[in-house]
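So the structure is just underneath, and the comments pick up after that.
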Amino acid sequence: MAKILIVEDETDIRELISYTLTFSGFEVVGASNGEEGLELAAAENFDLILLDVRMPRLTGYDACKQLRQMERTKETPIVFLSAKGQEDDMEAGIAAGADRYILKPFAPAALVEEINQVLATRSVERDV
Amino acid sequence: MIHSSSVTQELVAIERLESLARVSRRLASTLSLDEILQDILEEAITSSAANGGAISLYRYSDNRFDRRQTSGLTLSSRETRELEKGIPSDISIRVHDDLINDIGIHSAVTVPVTYEGMIAGLFSLYSKNIQHFDPLTVEFIDTLAKMTTVAIVNARMYQDTLQRERFYAALGRVTLAINATVNLPTLLNLVCQESLGLFNVEGAYVWIRRDDRLIGIAAEGYANSEFLGSDVSISENQDFAAVVANEGRGVFSNYFHDDRRYLRTYRWQQALQAALAVPLTQDEEVIGVLQLVETTEPDRFSIQDVEQIAFFGAQAAIAVKNAQLVTDMRQLNEELDLRVAERTKALGEERDRVQYLLRITNELAASLDQDRVLIRALELVNEVVQATHGSIMLVDSVTGELIYPSAFDTHKLPPLPRVDLGLRPEEGLAGWIIRNREAIIIDDSREDDRWEAKSRNPELRSIIAVPLIANDEVIGVLTLFHHKPNAFTQEQLKLVSAAAMQVASAISNAQLYLLIRDQAERLGNMLRVEHVETAKNQAILESIADGVLVADANGMVVLSNYSASQILEIPRNKLSGKSVNELLGLYSSVGENWIQKVDKWSRSTREEAETQFLADRLSIEDKYVSVRLSPVFARGQFFGTVSIFRDVTQAVEVDRMKSEFVSTVSHELRTPMTSVKGYAELMLMGATGSVTDQQKKYLGVIKSNADRMSELVNDLLDISRIESGKTTLDLQAVNLKQIIRDHVDGHLKTQIKRMGKEIIVLCQLPNELPMANADSDRVLQILTNLTDNAVNYTAQKGEITIGVQLRGDMIQTHVSDTGLGISKENQPKIFDRFYRVEDTDIQQVSGTGLGLAIVKSLVEMHGGTIEVASELGVGSSFFFTLPIFFEN
């Protein structure tokens with residue numbers, strides 16, 4: 001059972017994702033901002049981290065960069081989930097070290113599918 | 001004889017010796033030949049006891065003896081002829097002893113009087129006795145004859161001297177007179193007078209030659225008044241003087257009366273007994289004849305006379321010559337005087353005329369008002385002519401008809417019409433004048449066909465009509481009338497003609513002045529308007545916010561405005577004369593391209609360059625400036641460039657803010673939409689428990705509207721990015737056929753299926769198609785937008801056709817459907833942002849109203865165009881073009 005960290009400041013959305021993923025069989029831990037997310041990620045292992053981009057205190061990009069600096073999370077798949085859908089936004093996200101950039105609004109089913117794809121890719125890479 | 005012969009002989013001898021002594025004394029005491037001859041004859045008769053005797057003198061001129069003295073009984077001249085036979089060749093003494101005649105003379109002795117062997121005369125004695133003259137007596141007579149010779153010689157010598165003196169005296173007087181007077185008649189009369197005295201003749205005449213004629217010009221003595229004016233032909237008439245003139249030498253005729261050689265033209269010539277004439281010559285040319293005449297005494301002239309008169313004639317000729325010279329001189333003088341007088345008179349007239357014309361010129365030149373010129377011209381001209389009427393007709397330059405701008409009337413006769421009679425310039429007297437360009441006088445208009453207004457104006461009898469000619473063009477006719485016939489003279493005509501030239505010139509000047517004034521006014525107005533326009537343009541140019549730089553063909557700035565210097569941050573005085581290239585250089589790489597382009601324009605004459613321009617947005621310092629540079633061409637020639645600078649910093653800022661705003665808004669919209677869409681889907685998935693069909697349907701509505709909003713946000717972001725220039729194309733060689741095929745098989749068919757429609761998709765793709773120079777993602781975006789529309793606006797069943805054709809350098813793609821179609825009036829608007837056709841059918845189809853705007857922008861970013869062809873209820877076709885890809 002994969003364990004996923006959701007870093008999202010919007011409670012409604014965090015809950016939506018949380019519910020969807022829990023419904024789809026994932027173990028979910030939520031964080032309401034970047035700093036909190038970093039603390040949680042540093043404290044325990046996650047199979048995947050979902051990051052919102054625009055968040056108070058610490059943006060998703062900065063959080064992503066820091067996660068990549070950390071030993072525990074430097075290999076952890078990171079997926080951005082953002083309303084900022086412009087190319088440079090997406091490029092900035094990938095450049096910060098993310099595996100994927102998913103644009104809001106998303107269909108919950110599609111999100112689950114995307115996460116499964118990333119995890120599958122990562123497990124293949126790990127096997128190799 | 002009863003006396004003793006010796007005594008008698010002694011006595012006779014003594015008596016004869018005494019007689020000889022007396023004769024000798026007489027010879028010494030007197031010079032009168034006749035007296036001496038008389039004495040000798042008397043002594044001879046007495047001493048020889050003769051009854052009579054005679055002494056004749058020989059005249060060599062006609063070989064005759066001229067009896068000078070007779071005494072006692074003498075034989076007549078006729079009776080002595082026999083006795084004198086053989087003389088003068090035989091000069092022996094002849095004694096005749098047995099003569100028989102009526103007067104009883106029976107013996108005669110004839111002794112020739114000789115001088116140096118030449119006969120000089122005859123000494124004849126007669127006696128009634130037979131054999132009266134014995135040898136002694138003959139010897140005595142011979143002695144007396146010799147003494148006679150002496151007397152004759154003496155007398156001749158004296159006579160000659162006397163004659164010569166008289167001649168020279170006369171010559172002297174004549175010469176003196178010639179020098180003293182130059183009056184030819186006086187001189188010639190003097191010559192005649194002196195000749196008369198000198199040669200002891202009855203008449204002396206002078207003829208003067210005039211060409212082939214001799215004219216009697218001076219005369220003294222016989223028939224002098226009759227002679228004057230006599231006139232004979234030299235070559236034709238055998239008149240005496242004419243013969244002399246013809247032969248050029250002196251001639252005399254001692255028996256003129258009987259001389260048949262000469263013609264007698266005049267009565268005064270009939271009575272002439274002797275005549276002598278010498279030619280008067282000058283430079284070997286006969287200029288006249290001096291003639292002497294005798295009416296009583298024939299046999300009057302000798303060759304010596306001819307010589308002397310010739311002398312006289314020579315003087316007379318000089319006199320004539322001098323006099324002629326003087327006369328010629330005087331005539332010349334008189335002629336000169338006359339000519340001077342005539343010329344002075346002519347000059348005076350000319351001066352008056354010139355003064356008059358000058359006055360006309362001055363007065364007319366002083367006024368440029370045509371009406372005044374015309375009235376004044378008529379008044380002035382009429383000062384000279386004193387006409388009763390006058391008029392000036394002008395050829396109207398517009399209608400070509402004659403008009404009467406001016407007329408006058410001094411006699412209160414019916415005035416001439418001032419109105420336009422509609423007279424053509426070829427009609428009437430005026431027409432004649434205009435055609436012939438001739439000034440004329442009509443002495444009586446009733447008898448001249450050229451005056452056609454006889455019945456209308458019968459009182460106008462005399463007419464002067466002259467053309468008004470200015471610049472070789474007849475501009476009118478000046479006509480003057482008089483109610484009396486023959487009122488005008490040629491002099492007046494001349495003056496009026498001359499005045500007409502001035503009048504024509506004045507009218508022409510006035511007309512020119514009018515023209516010039518009009519033109520000056522028009523030009524003035526134009527200039528004012530131009531001035532105002534220029535000022536306006538200048539003000540506009542100065543006040544507009546855009547910077548304007550005008551450069552000449554060499555790229556030098558010739559005009560700039562305030563804004564240009566503000567925007568470029570270059571002081572105005574430095575802008576002028578600066579090279580545009582230098583300014584463009586400010587803009588780094590863009591500027592380089594521009595410089596090349598401008599250079600290309602400057603060498604271009606092609607019209608297509610006229611539609612070209614360069615536009616770009618540059619950042620200068622902290623400003624954004626949009627620049628547009630256009631070439632100026634006139635008649636294929638490059639004149640320079642006009643650059644427009646616009647400070648778009650604010651616009652850029654606004655744009656940026658707008659983008660930011662759109663970006664922020666879209667982000668802010670996406671966040672709530674995420675919840676809306678997510679929870680709806682979550683519920684639909686059944687993740688929150690089972691939902692009823694009704695709930696499922698409504699959740700579906702929520703979801704699809706959330707999708708639509710999401711689409712709207714995407715489109716908004718797209719259009720915002722395109723407009724703000726943030727969208728860039730990644731141009732590459734694109735296989736359009738492949739993209740279309742993939743799109744049709746993928747997105748389009750899925751879309752049709754998803755919509756649940758039965759739409760047939762047809763592809764019309766050529767086998768060979770060049771690559772397009774395009775951004776494949778954008779091409780796909782274009783296709784998606786167009787085909788989505790086609791699907792959306794096509795009913796349940798229909799047909800979508802996608803085709804590609806080559807159009808020159810472009811590839812044209814069209815997407816056609818059999819949908820609702822777009823009305824003609826809506827067609828131009830469909831590419832506008834947020835435009836949606838107000839139609840319930842269409843409104844039912846979801847759409848943002850941005851799709852076609854985005855498509856148009858993307859197509860145009862590629863350098864292509866997009867068009868629509870549609871018919872309501874039939875379908876729509878969209879055509880867009882993309883450029884062909886070329887290597888490099």
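Reminder, nothing fancy here: chain letters follow the sequence lines and each chain counts from 1.
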Give a yes or no on this: more than 12 heavy atoms of other residues, nucleotides or ligands lie within 6.0 Å of atom [atom1] of [X].
X        : atom1 : answer
A/Lys3   : NZ    : yes
A/Met70  : CE    : yes
B/Met683 : CE    : no
B/Gln650 : CD    : no
A/Glu71  : CD    : no

Just to be sure I understand the criterion: a residue of [range] counts if one of its heavy atoms is under 4.5 Å from a heavy atom of chain B. Which ones qualify?
range                       : result
residues 51-65 of chain A   : A/Arg54
residues 6-17 of chain A    : A/Glu10, A/Asp12, A/Ile13, A/Glu15, A/Leu16
residues 102-115 of chain A : A/Leu103, A/Lys104, A/Pro105, A/Phe106, A/Ala107, A/Pro108, A/Ala109

Quiz item: How would you list all residue pairs meeting side chain to side chain donor-acceptor pair (under 3.5 Å) that involve residues 683-699 of chain B, not counting sequence neighbours?
Solution: B/Thr692-B/Gln695, B/Gln694-B/Tyr698
Quiz item: What part of B/Leu682 gets closer than 4.5 Å to chain A, counting heavy atoms only: side chain, backbone, both or neither?
Solution: both
